Each structure stands twice: as structure tokens, then as C-alpha cells.
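Please read the structure below before turning to the comments.
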Amino acid sequence: MIRLRMRSRRGAAMALLIGMLGLVLSAVRAEDARPADLVRVYADALASNAAFQSRLAQVEAVDQVHLQAEGQLLPQVGLVGTYDYIDEQIEGRYFGRVDVDNQDSFERALVGVQLTQALYRPELVIARDQAELSRAQARFELEADENRLMIEVAEAYFGVLSAQDLKAFAQAEVQALQTQFDQVQTRTAAGLATQVDLSAARAQTAVAEAGAVQAAAGLEAAYATLDQVAGQVYRSFKLLPQGMVLARPDPATVAPWLERARAQNLDVLSARITLRIAELELEKARKRRWPQVDAAAGAFRLDNGGGLTGDREETESRIGVQVKLPLYAGGSIQAKIAEVEAKRASTEASLRAAVQSAERQARLAYLQASNGLALVPARRTSLEAAREAEAATTGGFEAGTLTTADMLRVIRARYEAEREYSAARYAFMLDSLRLK
């Protein structure tokens, strides 16, 4: 039942992914038969992630608690029965008039049906209202878990794409430095370069090879993280296009985002419900002083096998009202009220903390997304400049006007720019998703 109800929310979450991250669904490698995209990985995670499935089960449990609370306000019908073997001896005056000296052993059985209906039980009404609030809270918490899982999946997915980029850059850098080393080796043999140049080229190549090994290990670690989060194994992915269009945060100022955080953040909404439940718990504790009124009805049959009244059968039907009013409970009622008041004060503080945390997260996410909007094109410009510098330096090196050190420096700068641009793109996508 819960799974069916949650489809709409899952669809909304996936729509958010599609709307924000539709650019991911592009540029497929030719050798991939069915590469995974972010929406597919997220859907698999919803179906397979153990922590999320645990939350679904908790929501189902809360639904049952609500049904239990409602059931307490409905008629309560049950069978009653007793069976006794009695060894009885009576001496004295029966009803103050007849002298009795009687001893008997006999069996006695009672069966019946009893019905009670709450007429005035404020604590049961409050418990039902609390259970209804708990249902709403459970769904907010489930939606918050969906959002957290969405971010976790996106971090793992982009982590894989980033690790793939790093591995490709590392391999390309090794290839470029190996080519440079071969050229320097040829020039050294011809007397056009020194042994120092050759050693520098060899050292840089070795460093790049070590980086390539590290990048390959990082990619395997990223694969493992994504597999664990989604509960599936993926090894081919749809990639971000190089010319991706950056979306400015909308609204374009931080104030509306802070207001949304205060009004719509799921942790804040859950904390507000927790406070309301605590307030109802205080009301319930105070109403323990009030009377409790139930309607009661029953039908009974007694089979008595002996004793002073002799062997007999009786039937009885009755209907009436039961009233309970506590007069003195050893101070437990007042102590309970004081306990609940303290807990309510704690939940009020927790709500303030949740609002402050939501505002801080919204402000940080907005700043990061806004900064990323400027950083990505800046990193791209830096990369283009690094590529141009590499091409110009290569021409100068081949013409003999620039040194091996110049060439090694621009190769390192070019691939560092590649890594920075790649990281900036993935960071912007994640920051935009966190802001939403």
C-alpha cells in the first residue's frame, strides 16, 4: 500500500532530476549498448537501497499505529469466560437469619459477550490526533530520505564521471609526456638537449604514470561507491556534454530561498510536527485529571454446580455507563505534566535549530551554485588558454626557441586545467541539485 502511494512522490523526484539534469542524457560512448543515466540509477536506488526500504517499512508501521488509535474510539467487543473448581465450606448465619453449616465441592463456569464504547475519553481522541500527525511526519521523513538518497546517488554518479575523466586525463598526460621524453631523448642524442633535460622529462613522465595508477584506483573506488548506493552494478554511463548550458538559480536572489527553507524544508516541517505532538501530549497529560466515561453492555450465562445456592443456571443481560474520575494518584499526574512540559520546551528548541540549519544550508547552497555559475566558464576559458599555450610552446620547442622545461610546464598546466574544469562542472551540477 505504501509503495503505491509513494509512486507519485518518486515520480516528482525523478521529474526534478530530469528537469535539472537532462543535460546528462547525452553524448553516449559508441561501445556502450545501454549506458546508465542518472535517472535510471536513482530509480534503481529507490528499489534496492536497504536504508530507503527500511524507511518505507517504518511508514507502513506508522500507518498501523494510526489505525490502532482510531480503533480505540470504536466499539470494543469481546468474549469472556471463566471456569473454577470450588471446594466451599460455609458456617454462620445466612443473610443474618438462617444458621448455615454447609460444605460442598463443585464446578462453576461463566461465559458471555461484553461490549464497551468510549463516550468521553479525551486521551483517546488526542492519541488519534497524534497518530495522524505522526503519519504526516513519517511521510515528510520519507520524502527527506528520498532527497538525501537523490543527492547521494548524484554524488556517486558524478563521482564516477569525474573519476573517469581523471583517469582519461592521466593517461593522456602520460602519453603527452612520453612523447615529449622521446623527443628530448632524440634531441639529446643529436646534441640539441642536455642530460638535465632528459632527466627532467623522465621524472615528469614517472610522476604522471604514478598519477595514472592512482586515477585508475580512484575510478574503481568510485564504481564501488555507486554500486553500493544503488544496489546495482554499472560500468557504462551517459556523459555531460562539453557545451552544457548553465542554469542560473531561480529566484536569482538568496532571500526567496531562505523563505522557502523556513516554510518548505522537510526537516523543518518534521520538527514542527514534533512540536505539535508534544503540545498534544501535554494536553493529554492534563486531561488525565478529567473523568472517563464509557458505555458498557454484556450478556452472560452462569452454570453453577453446587454450593450454598445449589445447582443452578443463570443468564444475565445488562447495559449501562461506567465513569472513572481520579481523585489521588500519588502525585504521578502532576509529575507527568512536568515531564511533558520539559519535553515540549526541548522540541521548541529543536524546531529553532532546524530552521537555522535549513537557512544555513539554503544560503550555502545558493552561494555555491552562484559561484559555480561563474567558475565553470572561467575554468573553461582557463582550459582553452592552457591548450593554446601548449600548442604555441610546442611550436617554439620544435623551432628551438623554447626549452624542455617550458614544454613540461605547459603540459602540466594543460592537464591541471582539464581536471579543474571537469571538477567545476560536476560541482555545479551537485550544488544546483542541493539548492533545489
Side-chain angles (χ1 to χ4, degrees), residues 6 9 12-13 16 20 51-52 54-56 58-59 61-63 65-66 69 122-123 125-152 154-155 249-288 332-372 427 430-436:
M6 290 313 302
R9 263 196 298 277
L16 172 61
M20 292 186 59
F52 185 73
S54 174
R55 177 64 74 179
L56 280 175
Q58 291 174 20
V59 171
V62 172
D63 281 347
V65 171
H66 177 260
E123 77 283 1
V125 176
I126 294 173
R128 181 198 60 192
D129 295 342
Q130 288 176 312
E132 182 65 34
L133 288 169
S134 294
R135 290 181 70 194
Q137 185 177 46
R139 278 154 179 77
F140 284 139
E141 292 173 350
L142 179 62
E143 191 171 348
D145 278 357
E146 283 185 333
N147 288 347
R148 282 188 282 269
L149 182 60
M150 184 191 303
I151 295 297
E152 191 175 358
E155 288 174 344
D250 184 22
T253 60
V254 71
W257 292 104
L258 296 178
E259 183 60 32
R260 289 184 184 182
R262 288 187 288 268
Q264 301 177 19
N265 180 275
L266 294 171
D267 292 334
V268 171
L269 294 177
S270 179
R272 285 181 178 145
I273 290 179
T274 299
L275 175 58
R276 180 55 185 155
I277 291 174
E279 291 171 345
L280 289 175
E281 188 66 24
L282 178 59
E283 182 181 352
K284 184 164 63 175
R286 288 170 174 166
K287 287 186 177 179
R288 289 180 64 190
S332 63
I333 294 178
Q334 189 59 41
K336 182 65 176 180
I337 292 173
E339 174 196 352
V340 176
E341 285 179 336
K343 290 182 177 179
R344 183 189 61 176
S346 174
T347 59
E348 287 177 342
S350 297
L351 174 58
R352 290 194 299 271
V355 172
Q356 292 168 0
S357 176
E359 291 176 341
R360 181 174 62 254
Q361 292 173 14
R363 187 183 300 276
L364 180 60
Y366 176 82
L367 291 175
Q368 290 175 333
S370 299
N371 291 341
L430 284 171
D431 290 335
S432 297
L433 185 57
R434 291 189 186 100
L435 181 61
K436 291 291 184 180

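We number each residue from 1, following the sequence as shown. Since the structure is predicted, the reported quantities are computational estimates derived from the model, not experimental observations.
Under the 4.5 Å side-chain criterion, counting only non-hydrogen atoms from C-beta, Arg352 is not in contact with Val355. When side chains are defined from C-beta on, Val62 does not count as touching His66, because their heavy atoms never get closer than 4.5 Å. Contact of the Asn147 side chain with the Lys436 side chain is not registered, since no non-hydrogen atoms from C-beta on lie closer than 4.5 Å. By the 4.5 Å heavy-atom criterion applied to side chains, Ile151 and Leu433 are counted as neighbours.
Checked against side chain to side chain contact (heavy atoms under 4.5 Å, CB included), Arg360 has the following partners two or more places apart in sequence or in another chain: Ser357. Partners of Glu259 under the salt bridge (charged side-chain N to carboxylate O under 4.0 Å, His left out) rule, at least two apart in sequence or in another chain, are Arg262. For Arg128, the side chain to side chain contact (heavy atoms under 4.5 Å, CB included) test picks out Ala69, Glu70, Leu73, Val125, with sequence neighbours left out. With sequence neighbours excluded, the residues satisfying salt bridge (charged side-chain N to carboxylate O under 4.0 Å, His left out) with Arg286 are Glu341. Listed by chain and residue number, nothing satisfies the side chain to side chain contact (heavy atoms under 4.5 Å, CB included) test with Gln356 (two or more places apart in sequence, or in another chain). Under the rule for a salt bridge (charged side-chain N to carboxylate O under 4.0 Å, His left out), Glu152 has no partner lying at least two apart in sequence or in another chain. Under the rule for a side chain to side chain contact (heavy atoms under 4.5 Å, CB included), the partners of Arg55 that lie at least two apart in sequence or sit in another chain are Gln58, Glu141, Leu142, Asp145.
Atom CD1 of residue Ile273 and atom CD of residue Glu132 lie 10.0 Å apart, to the nearest 0.5 angstrom. In this structure, CG in Leu258 is found 12.0 Å from CD in Gln361, a value given to the nearest 0.5 Å. Distance CG/Asn265 to CH2/Trp257: 12.5 Å, rounded to 0.5 Å. Atoms CZ and CG, from Phe140 and Leu269 in turn, are 4.5 Å apart once rounded to the nearest 0.5 Å.
Listed by first then second residue, pairs satisfying salt bridge (Lys or Arg N to Asp or Glu O under 4.0 Å) with a partner in residues 270-283 read Arg276-Glu279, Glu281-Lys284, Glu283-Lys287, not counting sequence neighbours.
When all heavy atoms of Leu351 and Ala271 are compared, the pair lying nearest together is CD1-CB, 3.7 Å. Closest approach of Ala369 to Pro249, counting heavy atoms only: CB-CG, 4.1 Å. Between Val59 and Ala138 the shortest heavy-atom distance is CG2-O, 3.8 Å. Shown here for Asp63 and Arg139, the closest heavy-atom pair between the two residues is OD2-NH2, 3.0 Å. Ser134 and Ile277 make their closest contact through OG-CD1, 3.6 Å (heavy atoms, listed as atom of the first residue, atom of the second, distance). Residues Arg434 and Ala365 approach most closely at C-CB, 4.3 Å, considering heavy atoms.
Remark: Arg148 CZ is packed, more than 12 non-hydrogen atoms of other residues, nucleotides or ligands lying under 6.0 Å away.
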Show the atom names and distances, to 0.1 Å, of all donor-acceptor pairs under 3.5 Å that link a side chain in residues 342-350 to residues at least two apart or in another chain.
{"from": "Lys343", "atom 1": "NZ", "to": "Glu339", "atom 2": "OE2", "distance (Å)": "2.9"}
{"from": "Thr347", "atom 1": "OG1", "to": "Arg344", "atom 2": "O", "distance (Å)": "2.7"}
{"from": "Ser350", "atom 1": "OG", "to": "Ser346", "atom 2": "O", "distance (Å)": "3.1"}

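No option in Leu133, Leu275, Val340 other than Leu133 meets the side-chain contact (heavy atoms from CB on, under 4.5 Å) test with Leu280.
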